[in-house]
Amino acid sequence: MNHGIDLAGKVALVTGSSRGIGAGIVRALADRGARCVVNYVDDPDGRNRAEAQSVASGLKDAVVLQCDVGDAAQVAAMMDQIRQRLGGLDILVNNAGILRDRTLKKITAQDWDDVLRINLSGVFNCIRSALPLVRPGGRIVNIASVSAFLGGFGQANYAAAKAGVVALTKVTARELAKQGVTVNAVAPGVIDTDMTRVLPPEALKRLLDQIPLARFGTIDEVVHVVAFLCSPACGYVTGQVIHVNGGLFMP
Ligand code: NAP
């Protein structure tokens, strides 16, 4: 079922698509006809690989690729695989991300580096390595966060990385416009996934009290917006940030 969006013949890569929002996005793009690459990062007990394979098993002709997006050499190798096996790329969704919340008093250099490496350098690595593969009319969607705009408490690393993603989105949109490639960001608010389930209940309650729609968002509510930005109909939207946050932040 394509929900009015036809992605037949398109090749799509969604980073961090073994679970959460990324898994939702890759399923939606495949549902609309795209041939998809499901990406995960290796862990010692092989759980991430199993989750990625399980996501891919429900999709037609999906390819599963291991890659730590924070490692430029691994990203180059993943793009090479995509070029060899799928011939090019039409849709890149930079979704992979981690959270390491700590106040400035407690944050370590490692917490800072890990989050910047995956959440910001990961997006840069993927965009830079994908450039030779992305075909005219391509779509890049970067997953940012409301934290980039609100400066979430205890999120110095995360908010700075996501603000960097917003800036990188605008630069990339300008530089790729000549090829007819659009580049946008989606900034979710609080979405019910593994990432937010680890937040302390009192922090979640404080956030909930500030959301005009008085609830957290669902994965599907982010997925629909990403799918729209990836659609052929969305050719005149570029360099934008689309907020999906129940009113938590209004620009
Ligand atoms: P999640 O459930 O924790 O999933 C994160 C995904 O990123 C997993 O598939 C994970 O893969 C992948 N990942 C982590 N490190 C990676 C790396 N180095 N290389 C490749 N993949 C990696 O998180 P989520 O809530 O779905 O978040 C998805 C995106 O939305 C993130 O960018 C996040 O910052 C953003 N976001 C989320 C919320 C929210 O409320 N949930 C709000 C705003 C923005 P493995 O399973 O293989 O580890």
Side-chain angles (χ1 to χ4, degrees), residues 13-28 37-56 64-75 77-79 92-101 113-126 129 141-152 155 157-166 168-169 185-199 203-204 207-208 211 215-223 225-226 241-246 248-249:
L13 163 64
V14 181
T15 68
S17 42
S18 53
R19 58 196 164 89
I21 294 171
I25 294 170
V26 84
R27 286 190 184 107
V37 178
V38 179
N39 158 246
Y40 71 99
V41 61
D42 257 337
D43 62 325
D45 61 9
R47 215 186 83 191
N48 297 345
R49 181 196 182 88
E51 285 181 335
Q53 282 170 337
S54 156
V55 170
V64 177
L65 292 178
Q66 191 294 133
C67 170
D68 174 352
V69 295
D71 180 324
Q74 287 191 32
V75 171
M78 173 170 68
M79 295 302 174
L92 166 63
V93 181
N94 287 302
N95 165 81
I98 61 166
L99 206 61
R100 296 277 183 279
D101 285 7
D113 288 347
D114 286 349
V115 170
L116 270 287
R117 185 182 75 82
I118 294 170
N119 293 14
L120 179 55
S121 300
V123 179
F124 167 73
N125 292 338
C126 288
S129 279
V141 178
N142 300 322
I143 307 300
S145 168
V146 72
S147 185
F149 301 88
L150 290 179
Q155 297 196 317
N157 49 3
Y158 186 79
K162 293 297 190 181
V165 168
V166 170
L168 180 56
T169 300
V186 171
V190 187
I191 309 300
D192 184 20
T193 69
D194 291 349
M195 185 174 273
T196 43
R197 275 169 218 137
V198 301
L199 294 174
L204 286 172
L207 282 164
L208 191 58
I211 299 173
R215 63 175 177 84
F216 299 135
T218 66
I219 289 177
D220 273 354
E221 286 169 328
V222 178
V223 165
V225 176
V226 175
V241 180
I242 311 295
H243 295 273
V244 183
N245 62 29
L248 175 60
F249 168 74

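Each ligand, and each atom within it, is numbered from 1 in the order the structure gives. All heavy atoms count here, side chains included; hydrogens, waters and symmetry mates do not. Index from 1, following the sequence.
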Q: Report yes or no: does a heavy atom of F216 sit under 4.0 Å from some atom of ligand 1?
A: no

Q: May I ask you to list the atoms of ligand 1 that are less than 4.0 angstrom from any heavy atom of T193?
A: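 The list of qualifying atoms is 24 (P), 25 (O), 41 (N).
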
Q: Quick one: does V226's side chain get under 4.5 Å of I21's, heavy atoms only?
A: no

Q: Taking only non-hydrogen atoms of K162, do any sit less than 4.0 angstrom from ligand 1?
A: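 Distance cut 4.0 Å: K162 passes for ligand 1.
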
Q: Give the atom numbers and elements of ligand 1 that come within less than 4.0 Å of a heavy atom of S18.
A: 8 (C), 9 (O), 11 (O), 45 (P), 46 (O), 47 (O)

Q: What is the minimum heavy-atom distance between V69 and C126, and which atoms define it?
A: CG1-SG, 3.8 Å

Q: With heavy-atom distances below 4.0 Å as the criterion, list the atoms of ligand 1 near V190.
A: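 Numbered from 1, ligand 1 contributes 40 (O).
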
Q: Determine whether the side chain, the backbone, both or neither of I118 has a heavy atom under 4.0 Å from any heavy atom of ligand 1.
A: side chain

Q: Considering only non-hydrogen protein atoms, determine which one is nearest to atom 32 (O) of ligand 1 and report residue, atom name and distance to 0.1 Å.
A: N95 O, 2.6 Å

Q: Who's the nearest protein heavy-atom neighbour of atom 34 (O) of ligand 1, and how far?
A: Y158 OH, 2.5 Å

Q: Between N39 and ligand 1, which part of the residue brings a heavy atom under 4.0 Å of the ligand: side chain, backbone, both or neither?
A: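 Contact part for N39 vs ligand 1: side chain (C-beta onward).
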
Q: Provide the number and element of each atom of ligand 1 under 4.0 Å from a heavy atom of G20.
A: 2 (O), 26 (O)

Q: Any non-hydrogen atom of G189 lying under 4.0 Å from ligand 1?
A: yes

Q: Calculate, to the nearest 0.5 Å, the distance between atoms CG and CD1 belonging to N245 and I211 respectively.
A: 8.0 Å

Q: Return yes or no for this condition: an N or O of G16 is under 3.5 Å from an N or O of ligand 1.
A: yes

Q: Within ligand 1, which atoms have a heavy atom of Y40 less than 4.0 Å away?
A: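 Numbered from 1, ligand 1 contributes 47 (O).
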
Q: To which protein heavy atom is atom 13 (N) of ligand 1 closest, and what is the distance rounded to 0.1 Å?
A: A96 CB, 4.0 Å

Q: Please report whether ligand 1 has a polar contact with I21, defined as an N or O pair separated by less than 3.5 Å (distance criterion only).
A: yes

Q: For ligand 1, which is the ligand I care about here, please tell me if V146 has any N or O atom under 3.5 Å from one of the ligand's N or O atoms.
A: no

Q: Do N48 and D42 come within less than 4.5 Å of each other through their side chains, counting heavy atoms only?
A: no

Q: Over all heavy atoms of both residues, which pair between V55 and A23 is shortest? Give the atoms and the distance, please.
A: CG2-CB, 4.1 Å

Q: For atom 16 (C) of ligand 1, what is the nearest protein heavy atom, given as residue, atom name and distance?
A: V41 CG1, 3.8 Å

Q: I want to check something: taking the side chain as every heavy atom from C-beta on, are D192 and R197 in contact at a cut-off of under 4.5 Å?
A: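 Yes, side chains in contact.
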
Q: Heavy-atom count around R117 CZ within 6.0 Å, excluding the residue itself: above 12?
A: yes

Q: Looking only at protein heavy atoms, which one is nearest to atom 18 (N) of ligand 1, and how far off is it?
A: D68 OD1, 2.8 Å

Q: So, for I25 and V93, which heavy atoms are closest and what is the spacing to 0.1 Å?
A: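 Nearest heavy atoms, I25 then V93: CD1-CG1, 4.0 Å.
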
Q: Say whether I98 and ligand 1 are in contact under the criterion: heavy-atom distance to a ligand atom below 4.0 Å.
A: yes

Q: Which pair of heavy atoms, one from A159 and one from G151, lies closest together, and at what distance?
A: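 That closest heavy-atom pairing would be CB-CA, 4.2 Å.
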
Q: Specify the protein heavy atom at minimum distance from atom 5 (C) of ligand 1: its residue, its atom name, and the distance to 0.1 Å.
A: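 For atom 5 (C) of ligand 1, the nearest protein heavy atom comes out as G97 O, 3.7 Å.
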
Q: Please determine if N119 has a nitrogen or oxygen closer than 3.5 Å to a nitrogen or oxygen of ligand 1.
A: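 No, there is no polar N/O contact under 3.5 Å.
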
Q: To check your reading of the model: name the closest protein heavy atom to atom 43 (C) of ligand 1, its residue, and the distance in Å.
A: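 Residue, atom and distance for the closest contact: P188 O, 3.4 Å.
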
Q: Where is the tightest heavy-atom contact between N157 and R100, given as atom of each residue plus distance?
A: ND2-O, 3.1 Å

Q: Which one of V165, N125, V69 has a non-hydrogen atom at the shortest distance from atom 19 (N) of ligand 1?
A: V69

Q: State, with a plain yes or no, whether a side-chain heavy atom of N39 is found less than 4.5 Å away from one of V14.
A: no

Q: Please work out which of the three classes, parallel, tilted or perpendicular, describes the rings of F249 and F149, given edges at 30° and 60°.
A: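 Geometry flag for F249 against F149: parallel rings.
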
Q: For I143, counting its heavy atoms only, list the atoms of ligand 1 lying under 4.0 Å from any of them.
A: 29 (C), 30 (O), 35 (C)

Q: Applying a strict 4.0 Å limit to heavy atoms, is C67 in contact with ligand 1?
A: yes

Q: Would you check if R27 and V223 make a side-chain contact, meaning some heavy-atom pair closer than 4.5 Å?
A: no

Q: Can you tell if the side chain of I219 reaches within under 4.5 Å of the side chain of I191, non-hydrogen atoms only?
A: yes

Q: For E51, is at least one N or O under 3.5 Å away from an N or O on ligand 1?
A: no

Q: Roughly how far apart are D114 CG and N119 CG, rounded to 0.5 Å?
A: 10.0 Å

Q: For a 4.5 angstrom cut-off between non-hydrogen side-chain atoms, does N95 reach V26?
A: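 SC-SC contact between N95 and V26 ruled out.
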
Q: Check whether any heavy atom of A144 sits under 4.0 Å from an atom of ligand 1.
A: yes

Q: If we only count heavy atoms from C-beta on, is the Q155 to S147 side-chain gap below 4.5 Å?
A: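 SC-SC contact between Q155 and S147 confirmed.
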
Q: Within the 4.0 Å heavy-atom shell around T196, which atoms of ligand 1 are there?
A: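 So the atoms of ligand 1 that pass are 39 (C), 40 (O), 41 (N).
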
Q: At what distance is the nearest protein heavy atom to atom 4 (O) of ligand 1, and which residue and atom is it?
A: R19 NH1, 3.7 Å

Q: With nothing but distance in play, are any N or O atoms of I191 less than 3.5 Å from an N or O of ligand 1?
A: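 Yes.
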
